[in-house]
Every structure is written in structure tokens, then in C-alpha cells.
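Before any comments, here is the structure.
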Amino acid sequence: MNPFADQTGGLPPSLEPAAPPPPAGRRRFAWIAAALLLFALGLHFIPPPTAVPSPALSASAAPSAPPLPRAEPAPRPGAPAPLPAALPAALPAALPAAPPFTASPHYPAALSVAGLIDPATRAEATEALMETWVAANPAQAAAWAASLPAGTFRDDALSALMFHWGDRSPADAAAWMARTGVDDPEAASVLASRWSAAAPTLAAAWAAALPPSEMRLQAAAAVAAAWAAADPPSAAAWAALLPAPERAAPLTAALAQWATSDPPAAAAWLALASFDSELDRAAAAAALITPWTDQSPAAAAKYLNSLPEGPAKEAAASQFAVAAAATAPAEALMWAMNLSDPTQRNQVVADACETWFDRDPEAFRGGIAEAIGLMDDPAMRQGVYQMLYERDPTFQTHLLQLVDRAPPADGAPPAASPASPSEDRPQSPSP
Amino acid sequence: MKKLLLSALWLAPALPAWSQTTPPVASTGIPLITITTPAINTTSKLLITGTAVDTGVSSGSGSTTSAAGINAVYYQVEGSSKWRRARLTAKGQASVTWIVDTTVKTAVGKRYYFRAVDVSGFESDIVGRRFKRGS
């Protein structure tokens, strides 16, 4: 028997419900609705996570009223321990020290360089700064460069750092990159070039030991190019032994460099080299033909004629046309107008005309009318007119009237439309 | 009470993103562009080359559409606002090589930026590199 039961068998007054309870179904519905509302409102008004203020700063700026006590949530596994309310006396010594470079006499100059707005001016100043800083204390210079936020400025600083550190002590520079985990393909390329110029086998060993990454690919290409400047056959042989997916870029870099000193030897090597695809071979052929054309357009044209039809010949002919336009425009345009792909053909013709105009505007003005008369494709002519519109709009109008019988222009845009929206789209690289 | 429930349901879509389940990540299908020419060059005349690869678009369920092919590669020189077209050794293929002829005359050199556009109009991230002259 319930000792608190009264004579009527009910509960004592203190435990008596104030009002008759609602039916069980309605009560459940109300609880669910309230829970859902609280859940939604709770999530909606939870403030975003904010940085914990420094206790030292809090102490100086805090009002006199003590904070309300509240239950601390249980720490997540692996989460850092919460900061204590007050700092123990010994704690400041355990706080992270200021970056090492702030004490350097070069640091004020670094701050000045960072304040420069114009990217080109800033790059020049960065170069000068890093040259002197690396000579005095490369570790400090490296720490400063690595501390910069991601972007062009950091890229320039790391590039200049590796240029000068790579000249002085490349092994130390490589060790710093490995130790700090700086993953910057451009910096790796610069370091590999400088190291390979002095000790190619060491640089090659370093590049080969890098983990598979874009950085390794860039380092290998730079090693091959710099090595080929001194010993092209060794550089090409090393590049040819690299694993297939990473072989094309170093091999192309080596052959392009080789062609600056001995193009026929480089071409003979290319014929025997193994590439993953015809596209890779075409890229190598294009890279090889440019320095060859600069040295001897006739010999380069003879080499072109010896190539079998295919992507390599097309790519090499495109490059030949653009490179030869400076000295042998008629032959260059003939090669350009005979390319098989129409879009490629029109672009190469325009590029060749651009080279011709930039090299000798008077000769171009004297000879282009006859050349453009041979261009049956209106799109091909349009490419030339477009190029001229950017360089010499008066002559472009004259040429339009002379060749295409266009009505005199009254300051309106040319027949050739300006660059496509995609080309002129206001999109800027990171600062 | 029904109003409370309706209010809760009405608020649900406005919850902060970080309180909701993250949907499966799908590939954006943007092309990938790579520069293969070393940053340091021994001659003033420079041929910048690289590759552009159209990766195709994958759905969250893992299926992948075929790549449309690279349509163009554009480059911009530091200090210029104009994007110019690089030459391609092939066009409309899933993987192409691109070429830019230029000159580098100083030790500081110039920074170039590159981006690829595929046939469907997807654009790659912009990649940049400073090309310098070095002995």
C-alpha cells in the first residue's frame, strides 16, 4: 500500500498534477515539435567558432566582472588541452618564439619589398634582397620566404631563394626543402637548374629521389636542360632512362638545349628516342626546330622535308614557320599555309605574320599584300587583319581596301573582330 | 503546436552549411594544365611548352563522361592584361601540348600565366611561372 496515498487512493497534494494531462498522442506531438524547434534554433544561433583570445590580452582588456561559470565540454580525443584561465609564470617561455628572420638586419628591407605594389618592380627587389640575404644567412632568408602567404610574391621569393642558394650550397637548399616540406615546383625547377649546372649527377640523383609529384617532374626537366648545356648526350641518355610517364618533359628539355649547339645531332637522337606517344615526340620535334631555324633556316627546312608525315612533322613545321618568318618570311608562310589542320594553319599564319611584322615592319608592309592574296580562307586573312589591328590599324585599313575591297573605315573596328571574350575576359592571376 | 513544427521545418533549409551532411564530391571536369619548360634558361630566346589534359566530368556516383578535348590554351605576360593564344600541337584531343615563343632577356625575367579551356568551355586553374635567364 502506498503510504502517501490518501483515503481516496490519490497522490499527496504536492505530487498532484496542476491540470488534467492532455491525451498521450497530443503530448508526444508537442514534445517532438518542441525538440525540433529547439534543435533548429540552437543550430541557427550557435556562433561560429572563433579564435581563443590570448589569456594575456584578455587579462588586460577584461572587465572586472568574473565570467559566469559553465560546464566545460569533454575534450575530443586528440584535441589540444584547453588553455588555463590564468598563465603560470613559466608559460611565456614555452610559447612559440618569434620567427627567426625578424631579428635579421635584412628584415626591414624585406618589409619594404613586401610593400611594393607593382609585381615586376617587386620581383626585381625580391631578387636583390634574396641575393644579399642568402649570402649572409640562407636559413633566415628561407624561413622568411616560406612564411609568405601563397601567391606570386611567395613564388618569386622562393624562386630567388633557390637561385642563389642553389649557386652557393644546393645540397643545403635541397635538405631545407625536404625538412620543411615546401612543395613548390617552380622553386624545385630553379634549384635543379642551378645544381645541375655545377654537379649534374648529384642534381639528377636528388631529382630522382623526390617523391612522385609535379615537383619531381619539374626538377627532372630542369636537370636535363642544364645538364644538356654542358654535356648533351649524357643529359639525353639520363632523361631517356626515366620512367615512361615522366620521360617526355626531360627528354624534350634536353633535346631543345642540345639543338642550340648541335641541331643535327639532336635530331638524330630524336629519331632514335622512345616516346610514350606521337604527341610527346611532336613536342620534342617542335622544341628542337626553333633553335635550328634560328641558326640555319635552310638546314632546318631540309630536316623538315626529311620527316615522315604525321604529328611530329606538323608540330615542327608550325614552329619552323613562326621562327623562320623573321628571316625567310616567304618560305615560312608557305609552310604555314600547307599545314593540314585548318585552325592550326590559320593561327600559325597569323603568328608568322606577327613575327615578320615585329622583325621588319617595312618589309612586311611591302610584301604582305602579295602573300595575303594567296590566302583563300577568309578566316586565315582575318587572323592577319586582327594581328595588324593591334599593331598598325592604319595599314590594316589600307590592306583591307587593297586586298578585300573593303569600304573605307571611319574609325570603326576592323572587319576582323577583336579578340574573343574568352581572351579578353577580366581574369587576373593571384597577386 | 503544429505551427511550431512547421516553423522548425521552415528553418531547416537555412541552417549553416557546416551543420549539414556534406554531399559526395564530384569532379568539376576542369582541364589540368602543366608547364614543362624549366624556369631557368641559358638563351634569350625561349620556347615555353606544357601540356593540357581534359579530365572529363565525373558524377558523384563515380561514372565519368568522356573528355571533350582541349580547345585552347591562353597565356598572359606579367604587366599585360591581355590573354593571348598559345599554339597547340594538336587540337580537340583530351591531351595536348602547347607552345609559346618568347624571349627572356634579364636575370629577373618575366612571369607568365597560363590557362586551358576545353571544348565544353570548362577552364583550368591559372598556373604561373617566372622564366629567368641564367648562365
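Because the structure is predicted, anything quoted here is derived from the model rather than measured. Residue numbers begin at 1 in each chain, while the letters A, B, ... track the order of the sequences.
- In this structure, A:R359 places its CZ atom where only 12 or fewer heavy-atom neighbours from other residues, nucleotides or ligands lie under 6.0 Å away.
- At least one donor-acceptor pair under 3.5 Å links the side chain of A:Q218 to the backbone N or O of B:I35.
- For the options A:V348, A:V223, A:L217, A:D294, heavy-atom pairs under 4.5 Å to chain B are most numerous at A:D294.
- Contact tally against chain B (heavy-atom pairs below 4.5 Å) for A:T126, A:D118, A:T343, A:D341: the top residue is A:T343.
- Residue A:M162 holds its CE atom at 12.0 Å from CD1 of B:I40, rounded to the nearest 0.5 Å.
- Per-residue heavy-atom pair counts under 4.5 Å with chain A were compared for B:R87, B:Q93, B:E78, and the maximum is reached by B:R87.
- Nearest heavy-atom pair, A:A221 versus B:P38, reported as atom, atom and distance to 0.1 Å: O-CG, 3.6 Å.
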*Working for side-chain contact (heavy atoms from CB on, under 4.5 Å), residues A:Q347 and B:L88*: CA-CA 10 Å; A:Q347 189 185 354; B:L88 306 182; 5.7 Å; no
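- Evaluation of the side-chain contact (heavy atoms from CB on, under 4.5 Å) rule for A:A286 yields A:A315, A:Q319, B:I99 as partners, not counting sequence neighbours.
- When A:T260, A:V190, A:T355, A:D156 are compared by the number of non-hydrogen pairs under 4.5 Å with chain B, A:D156 comes out ahead.
- The part of B:K132 that comes within reach of chain A is its side chain, from C-beta onward, which places non-hydrogen atoms under 4.5 angstrom from that chain.
- Heavy-atom pairs under 4.5 Å with chain B were tallied for A:A253, A:S159, A:A282, A:A225; the largest tally goes to A:S159.
- Side-chain contact check for B:R129 versus A:D155: every heavy-atom pair is 4.5 Å or farther apart.
- The OG atom of A:S189 lies 8.0 Å from the CZ atom of B:F131; values are rounded to the nearest 0.5 Å.
- Heavy-atom neighbours of chain A within the stretch residues 41-50 of chain B, taken at a separation under 4.5 angstrom, comprise B:T42, B:T43, B:K45, B:L47.
- No part of A:P311 comes within reach of chain B, as not one of its non-hydrogen atoms sits under 4.5 angstrom from that chain.
- Between atom CG of residue A:D280 and atom OG of residue B:S95 there is a gap of 7.5 Å, rounded to the nearest 0.5 Å.
- One finds the OG1 atom of B:T51 at 9.5 Å from the CG atom of A:L279 (value rounded to the nearest 0.5 Å).
- Taking each heavy atom of B:T89 and A:Q344 in turn, the nearest pair found is CA-NE2, 4.1 Å.
- Shown here are the ring-ring contact (aromatic ring centres under 6.0 Å, His included) partners of B:F114, two or more places apart in sequence or in another chain: B:W98.
- Annotation: side chain of A:E354 is in contact with side chain of B:R84 (closest heavy-atom distance under 4.5 Å).
- Most heavy-atom pairs under 4.5 Å with chain A: of the set B:T37, B:D125, B:T97, this distinction falls to B:T97.
- Under the rule for a side-chain hydrogen bond (donor to acceptor under 3.5 Å, both in side chains), the partners of A:S340 that lie at least two apart in sequence or sit in another chain are A:E314.
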_Run the side-chain contact (heavy atoms from CB on, under 4.5 Å) test on A:T252 and B:T36 for me, step by step, so that the C-alpha distance in whole Å, both residues' side-chain angles and the decisive distance to 0.1 Å come before the verdict._
CA-CA 9 Å; A:T252 299; B:T36 52; over 6 Å; no
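- If you measure heavy-atom distances from A:P185 to chain B, the contacts under 4.5 Å come from both the backbone and the side chain.
- Taking a cutoff of 4.0 Å between a charged side-chain nitrogen and a carboxylate oxygen, B:R111 and A:E186 qualify as a salt bridge.
- The most heavy-atom pairs under 4.5 Å with chain B, out of A:A283, A:A249, A:S193, come from A:S193.
- For A:A160, the parts lying under 4.5 angstrom from a heavy atom of chain B are both the backbone and the side chain.
- Within 6.0 Å of the NZ atom in B:K110, the count of heavy atoms belonging to other residues, nucleotides or ligands does not exceed 12.
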